[in-house]
Amino acid sequence: MPDYVIVGAGSAGCVLAGRLSEDPDVEVLLLEAGGPDSAPEVRIPGIWPIMLKSGLDWDLLGEKEPGLGGRRLYLPRGRTLGGSSSINAMIYIRGHRLDYDDWAASGCEGWSYDEVLPYFKRAEDNERGEDEFHGVGGPLSVSDSRSMHPLVDAQLEAAVQAGYQLLPDLNVDRPEGVGRFQLTQRNGRRWSTADAYLHPAMERPNLAVQDCTFVERIVFDGDRAVGVELVRNGIRERVRAEREVIICAGAYQSPVLLMLSGIGPADDLRLFGIDVREDLPVGRNLQDHCMVNLNYESSVPALFGVATPENWELFEMEDRGPLTSNYPEAGGFFRTRSDLPAPDVEFHFSPSMFYDEGLTIPHDHGYAYGPVVVKPSSRGSVTLRTPLADSKPKVLCNFLATDEDRASIVEGVRIGLELARQPALKAVEKTPYSVPASDAEANILDWVARAGQSVYHPTSTCAMGSVVDSELRVFGTEGLRVVDASVMPTITRSNTHAPTVMIAEKAADLIRSRTASPARAEAAG
């Protein structure tokens, strides 16, 4: 019987499986609904969009968004070893000091910036070396882009011309300005958490990994989680856990699994005839980042028609070239109002057009950039569609539901239009392709309603303080934790992959009852 049963081999589950199995005296079982991550497209950064809506994607469709004209949004999630870290854009960014200090101030003991920084550093193997903010020797390879496309340089130069600061490192504690992203790549190839943590551990005799295994419910004995009920090869069975069941199924599926197991809003569960084990606001408090991209056709070459024989040779023989590009190679953080304590919008700068939620191949050379509302006050939800375990959930992002969020997106678009007027971008622009009719608020909001989308960062549906405690244990139960982006009490002002890895690194220490102090964490690294 395994000591730990981990549900979900995604960004967090792979970290936990790797870390917990370091102890030869414990048995770890990792369960994943998707298959292996052996498809060649997983490793090739420049073709990651082709994995959208493939068999590697859960391919969810959101509910009608009131703030986006009633449109239903495409919501991808990785369905393979490595989870979304195997299909994402590989951006390594952590957020702002205030994100974590606010968690601690809200009662999440041990989650302040100074307390979580050592876990970020412990995870890293940063090619730039070790410093105040970065670590070396960790499992997660963090590197600079091997593409360095000149259209991205033009976008950064335009930001500098508009008066914004160029930052050499966006992973300082208070990032504000623009700069090149670092990426979860090694030698120009994707480096997922499966690559970093799971594959090196799979030869350990105390770690078992079962893919193509769908977990339907958590099994309890009284208040204690003692295992899970799963389906594998068409056969339903139960697997028991000696110590803990750890749910790492992501911000959409972790709440679904809890609700199907009787943990969730009581009235909602009773509608489906589910016995209520614990009345908790599971699935509430969904937070995601709403993004809109200004798209311009360009007079200079972009990442259009990138899969040429010459580029394949550069990639295969020299580990460089356009096929190493993650597309959004750079970014920036901006405050749209001077009275804000930290940036409220993030930009992604890409040497390719990106529209139709990334589901349409660009028609010509071009570039894209635009605001992401990174500190939303709007809240969405994840709810059950049916009581069947394999039904896809109902997801309402509820983007731009508040005056504050609408103001952020409007001012963010105006920043984007300001950048477009700068000489660096005027020199490479051929014609606008997808932009608002003017910088008037009504025109911007009308365009955002048509062009806005999720940037694929769902969080907070099993939040610390309301569903789990500061050690990520589900309230009212024993032997049950949630470890993934769903436990964030509030979303970070950044892409969420790096924070999710940090959460899992810290959770490994909590589960092993190690002292989760900065000194101990750094020593462990």
Can you run down the side chain to side chain donor-acceptor pair (under 3.5 Å) pairs that involve residues 25-36, sequence neighbours left out, and say none if there aren't any?
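Non-adjacent pairs meeting side chain to side chain donor-acceptor pair (under 3.5 Å): zero.
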Are a donor atom and an acceptor atom from the side chains of [X] and [Y] found within less than 3.5 Å of each other?
| X | Y | answer |
| --- | --- | --- |
| R190 | N88 | yes |
| D114 | S112 | no |
| S494 | T492 | yes |

Would you say [X] has more than 12 foreign heavy atoms packed within less than 6.0 Å of its [atom1]?
| X | atom1 | value |
| --- | --- | --- |
| I361 | CD1 | no |
| K394 | NZ | no |
| K64 | NZ | no |

So, taking the atom named [atom1] in [X] and the one named [atom2] in [Y], what distance separates them when rounded to the nearest 0.5 Å?
| X | Y | atom1 | atom2 | answer |
| --- | --- | --- | --- | --- |
| E471 | M464 | CD | CE | 11.0 Å |
| L396 | S381 | CG | OG | 5.0 Å |
| S470 | L510 | OG | CG | 9.0 Å |
| N187 | S143 | CG | OG | 8.0 Å |
| L207 | L29 | CG | CG | 8.5 Å |
| L480 | L472 | CG | CG | 11.0 Å |

Salt-bridged, [X] to [Y], with N to O below 4.0 Å?
| X | Y | answer |
| --- | --- | --- |
| E63 | R385 | yes |
| D144 | R128 | yes |
| E22 | R19 | yes |
| D267 | R270 | yes |
| R232 | E237 | no |

Report the residues that fulfil side chain to side chain contact (heavy atoms under 4.5 Å, CB included) with [X], sequence neighbours left out, ordered by chain and then residue number.
| X | answer |
| --- | --- |
| V306 | L303, N311, P322, L323, Y327 |
| I50 | E41, I47 |
| P387 | F272 |
| N171 | Y92, I93, R94, H134, D169 |

For [X], check salt bridge (Lys or Arg N to Asp or Glu O under 4.0 Å) against everything at least two apart and list the hits.
| X | result |
| --- | --- |
| R43 | D37, D195 |
| R204 | none |
| D275 | none |
| R146 | none |

Under the 6.0 Å and 45° cation-pi test, does R277 pair with F220?
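Cation-pi check for R277 and F220: passes.
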Tell me whether the NZ or CZ atom of R77 lies within the 45° cone about the ring axis of W58 and under 6.0 Å from its centre.
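So R77 doesn't make the cation-pi contact.
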Tell me, do L258 and V467 make a side-chain contact under 4.5 Å, heavy atoms counted?
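Side chain of L258 against side chain of V467, heavy atoms only: contact under 4.5 Å found.
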Less than 4.5 Å apart, side chain to side chain, heavy atoms only: is that true for L16 and Y4?
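They are not in side-chain contact.
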Side-chain ([X]) to main-chain ([Y]) donor-acceptor, under 3.5 angstrom:
| X | Y | answer |
| --- | --- | --- |
| E65 | Q453 | no |
| W191 | P139 | yes |
| S192 | S86 | no |
| S254 | A251 | no |

Enumerate the ring pair (Phe, Tyr, Trp, His ring centres under 6.0 Å) contacts for residues 455-501, please, sequence neighbours excluded, ordered by first and then second residue.
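As it turns out, the ring pair (Phe, Tyr, Trp, His ring centres under 6.0 Å) pairs with a partner in residues 455-501, which skip direct neighbours, are H289-H457.
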Any pair counted as salt bridge (Lys or Arg N to Asp or Glu O under 4.0 Å), so long as it reaches residues 214-226, sequence neighbours left out
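For residues 214-226: E216-R236, R224-E478.
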For residues 101-112, pull every pair meeting salt bridge (Lys or Arg N to Asp or Glu O under 4.0 Å), keeping only residues two or more places apart or in separate chains.
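For residues 101-112: R97-D101.
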Taking all heavy atoms of [X] and all of [Y], pick out the closest pair and write down the distance.
| X | Y | result |
| --- | --- | --- |
| A389 | L260 | CA-CD1, 3.5 Å |
| I491 | P376 | CG2-CD, 3.7 Å |
| W48 | I87 | CE3-O, 3.6 Å |
| L30 | G8 | CD1-O, 3.6 Å |
| L60 | K392 | CD2-CD, 3.7 Å |
| L269 | G264 | CD1-N, 3.7 Å |

Side chain to side chain contact (heavy atoms under 4.5 Å, CB included) assessment of E278 paired with V474:
CA-CA 10 Å; E278 197 68 27; V474 177; 6.0 Å; no
Please verify the inter-ring angle class for Y100 with Y113; under 30° counts as parallel, over 60° as perpendicular, anything in between as tilted.
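Tilted, since the angle between the ring planes falls between 30° and 60°.
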